[in-house]
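What follows is a set of notes on a single structure, which appears directly below.
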Amino acid sequence: MSSAASWRTHVCGQPRLENQGEEARVCGWVQSRRDHGGITFVDLRDRTGLLQLVGDEDTPQECLKALEGLRSEDVVQAIGALRLRDAENANPDLPTGEVELHVRELEVLSRSETPPFEIDDRIEAPEELRMKHRYLDLRRPRMREYVESRSQANQILRGVLHDANFTEVETPILTRSTPEGARDYLVPSRLRGGEFYALPQSPQVFKQLCMVGGLDRYFQIARCMRDEDLRADRQPEFTQLDMEMSFVEEEEVQAVVEEVVVSLLESFRQKAPPSPFPRMTWQEAMDRFASDKPDMRNPLEIVDLASVGSGLGFKVYDDVLAAGGLVRGLLLPNGGSLSRKEIDSLESCAKDAGAGGAAWCKVTEDGATGPLARFLEGEPGQKFIEALEAEAGDLVVTVADQSRKALAALDAVRRMAGELLDLIGEDSEILWVTDFPLFEKSSDGSWTPSHHPFTAPAASDIPHLLDGKLGEVRSRAYDLVLDGVELGSGSIRIHDSELQGAIFETLGISPNEAASRFGHLLTAFQYGAPPHGGFAIGLDRLYALLFGAASIRDVIAFPKTSSGSCPLTGAPSPVDAQQVEDLGLAVLEALPDENLPSSSSPN
RNA sequence: GGGGGUGUGGCGCAAUUGGUUAGCGUACCAGACUGUCGAUCUGGUGGUUGCGGGUUCGAGUCCCGUCACCCUCGCCA
């Protein structure tokens, strides 16, 4: 039989016309069996493809019987001769379709139960079941491609960064909890009962410490964990390409990011955008698109209607403007063709986004129709239409509300209208959004960092830190946006401990508090910190886009459900009482028995 | 935490107004078949309709609760 050194002479996807006549040993999983009585075909699969095995009257009786006894997903080794298939028997759909292995010897290496779902891209299986038997799901060609593509993509970005003199550094998984930001996953310490490690939400502090450590250029494909509720594009643990550079300005960080992104786009999509990517300030993005991550494939732009809207005698506009809110709108070219139902859906999506509603009108040859029309009859109405540059056949949708809600609604309406009118361009559009506000007002009225507290303010805005106009302080943060999706964000950091202290003070973090939370970073900054900045790209989301995967779960080898559970391992699970006790902990409520993990049987 | 959707043999689906023994395809099992490649033909096994309660002469169907998954709002510096 086989020795380990010679299990295979060929892989399944390998044999071609020119291999005819060769002796071959192949190993793989049984994809399917077609038994014609006297002649039997078996498709053998490995990660490289399918090869047809055949047994006929020239095959030893025992071996033919063994072929007939094979079932889906059995693992076998087959030995025989590669032979040509007649023209009429060749399979043009298979790369190996011109040949087949005429089997002489067959060894079943491992039998398989009937799989819970068919190993076939064409068969839809419930995602939970696929996760429970992920090892089977990974045998499906599409899933296998995602895993392989991900490996390749990682290799590509490592190559780019190594060539740019970056050093790959592994930072701790067990680290210190930081109270602000997302909720931490905690790990109790046994040796110091009552104390906890936290799993990193990102390697932020460590990468900055790498800069203080003189590494100059750091990167890591880093796992990050955040204990928050999930979404379709969010997992409790996710992967970032994390990087940081010393002695750089924004443009230098962005240039490296662009090189990484262009390399990936070139490898996995036909077209990559020319570098440098376009830039847009946050203010411009909000004014023109009501979004800090605008989809530039959508040509619709927001129009400010405050001045022309105030003279219409429309109480909703007047009240909102008097209260300091926004009156803005969108012109939908040929939007008059939309059905009443579609217009209603635009209105309700504005409401869902938090605005009071959306006032609209259709523009016709003889004036306007629709709810807004009766305010547009006189001279001011004419100006209103002119401001929008509306023409007959167009639809005008306006939103009036307090700023935050109005912008959210305009963003939602713009996106939906782009879909409804089929305006979304074919080609991907990537851009940098820059000059974010350093702070944003949280619901309780306090100021919080819009990025993180280590983001440097724009030098020219530092005076505003002192004069209290915090909303006007711009940061040196930048986001990379692809087709309305935020791929990642970064910033130039504060490297001056005095300035850092001032920011903490502004955020209401006392020196004591700052010292206890970030003392390690602040102390490090007292020993000579280089100016530095960096970036982080969310790889799961990027790879899902790049590979055309339906879900980020498809580009993660072993993903979790939207409640953070793992159907494969049964995590999270109760643990032995002794384990809990060793940690100096007590569980408050005993969990019911059915929550115990089920034993993982192969059935 | 809130809202929405889904849950019926292993898988995909059906079942009229609440009414017969819950049906079809596929997979699976057995048999037949010498060129198939999503083989074909014949026959067969397989169901506590997610779980618990209720209404009713009668519940897959209606009501209440609950669980799981998916989507979404809050949340995610």
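Chain A is the first sequence line, chain B the second, and so forth, proteins listed ahead of strands; every chain is numbered from 1.
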Heavy atoms under 4.0 Å, any strand shown: does [X] hit a base, just sugar-phosphate, or nothing?
X: A:T40; value: nothing
X: A:E440; value: nothing
X: A:R541; value: nothing
X: A:S202; value: base
X: A:S72; value: sugar-phosphate
X: A:D35; value: base

Reading RNA chain B from 5' onward, which residue's closest nucleotide shows up sooner: A:T448 or A:I123?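 Comparing both residues, the 5'-ward one is A:I123.
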Earlier contact from the 5' end, RNA chain B, for A:A90 and A:P453: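 Nearer the 5' end of the strand: A:A90.
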Of the candidate nucleotides [options], which contains the atom at the shortest distance from the side chain of [X]?
X: A:A182; options: B:rC76, B:rC69, B:rC73; answer: B:rC76
X: A:S562; options: B:rC73, B:rC71, B:rG35; answer: B:rC71
X: A:N89; options: B:rC75, B:rG35, B:rU34; answer: B:rG35
X: A:R553; options: B:rC75, B:rC70, B:rG10; answer: B:rC70
X: A:M131; options: B:rU36, B:rC76, B:rC70; answer: B:rC70
X: A:R231; options: B:rG35, B:rG12, B:rG74; answer: B:rG74
X: A:R85; options: B:rC75, B:rU36, B:rA27; answer: B:rU36
X: A:R34; options: B:rA39, B:rC71, B:rC76; answer: B:rA39
X: A:R71; options: B:rC28, B:rA30, B:rA68; answer: B:rA30
X: A:P116; options: B:rG10, B:rC75, B:rG12; answer: B:rG10

[N] versus [M] - spacing of their [atom1] atoms, nearest Å:
N: B:rG18; M: B:rC24; atom1: P; answer: 24 Å
N: B:rC41; M: B:rU8; atom1: P; answer: 29 Å
N: B:rA27; M: B:rG44; atom1: C1'; answer: 14 Å
N: B:rU21; M: B:rA15; atom1: C1'; answer: 14 Å
N: B:rG1; M: B:rU66; atom1: P; answer: 11 Å
N: B:rG10; M: B:rG4; atom1: C1'; answer: 29 Å
N: B:rC51; M: B:rG7; atom1: C1'; answer: 11 Å
N: B:rG25; M: B:rG50; atom1: C1'; answer: 23 Å

Could one point to a donor on the side chain of A:R130 or the base of B:rG10 with an acceptor on the other under 3.5 Å away?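 Answer no: no donor N or O sits under 3.5 Å from an acceptor.
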B:rU36 base / A:Q52 side chain donor-acceptor hit below 3.5 Å: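 Yes, the side chain and the base share a sub-3.5 Å donor-acceptor pair.
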Between A:D137 and A:R140 (salt bridge meaning N to carboxylate O under 4.0 Å), is one present in this structure?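 A salt bridge is present here (some side-chain N lies under 4.0 Å from a carboxylate O).
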Find the distance A:E127:CD to B:rC69:P and express it as a whole number of Å.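 Spelled out: CD on A:E127 to P on B:rC69 is 11 Å.
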Have a look at A:L67 and tell me which of A:D35, A:V30, A:V42, A:I39 forms a side-chain contact (heavy atoms from CB on, under 4.5 Å) with it.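 By the side-chain contact (heavy atoms from CB on, under 4.5 Å) criterion, A:L67 pairs with just one of A:D35, A:V30, A:V42, A:I39: A:V42.
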Would A:H36 count as stacked on B:rG35 if the rule is ring centres under 5.5 Å and plane angle under 30°?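 A:H36 ring does not meet the centre or angle cut-off for B:rG35; no stack.
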Please determine whether a side-chain nitrogen or oxygen atom of A:T114 lies at a distance below 4.0 Å from atom OP1 or OP2 of B:rC28.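 It does not, given that no N or O in the side chain of A:T114 lies less than 4.0 Å from OP1 or OP2 of B:rC28.
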Tell me whether the OP1 or OP2 atom of B:rA68 has a side-chain N or O from A:S563 closer than 4.0 Å.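 Looking at the OP1 and OP2 atoms of B:rA68, neither is under 4.0 Å from any side-chain N or O of A:S563.
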Determine whether a donor-acceptor pair (N or O, by modelled atom type, separation under 3.5 Å) exists between the side chain of A:D461 and the backbone of A:H464.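 Between the backbone of A:H464 and the side chain of A:D461 there is no qualifying donor-acceptor contact (under 3.5 Å).
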Please determine whether the number of non-hydrogen atoms from other residues, nucleotides or ligands lying under 6.0 Å from atom CD of A:E505 exceeds 12.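 Count not over threshold, so no.
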Does atom CZ of A:R34 have more than 12 heavy-atom neighbours, drawn from other residues, nucleotides or ligands, at distances under 6.0 Å?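 Yes, enclosed.
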A:F504/A:F518 aromatic ring centres below 6.0 Å: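 Yes, the ring of A:F504 comes within the 6.0 Å limit of the ring of A:F518, centre to centre.
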Assess the pair A:F535 and A:W432: is the distance between their ring centroids shorter than 6.0 Å?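 Ring centres of A:W432 and A:F535 closer than 6.0 Å.
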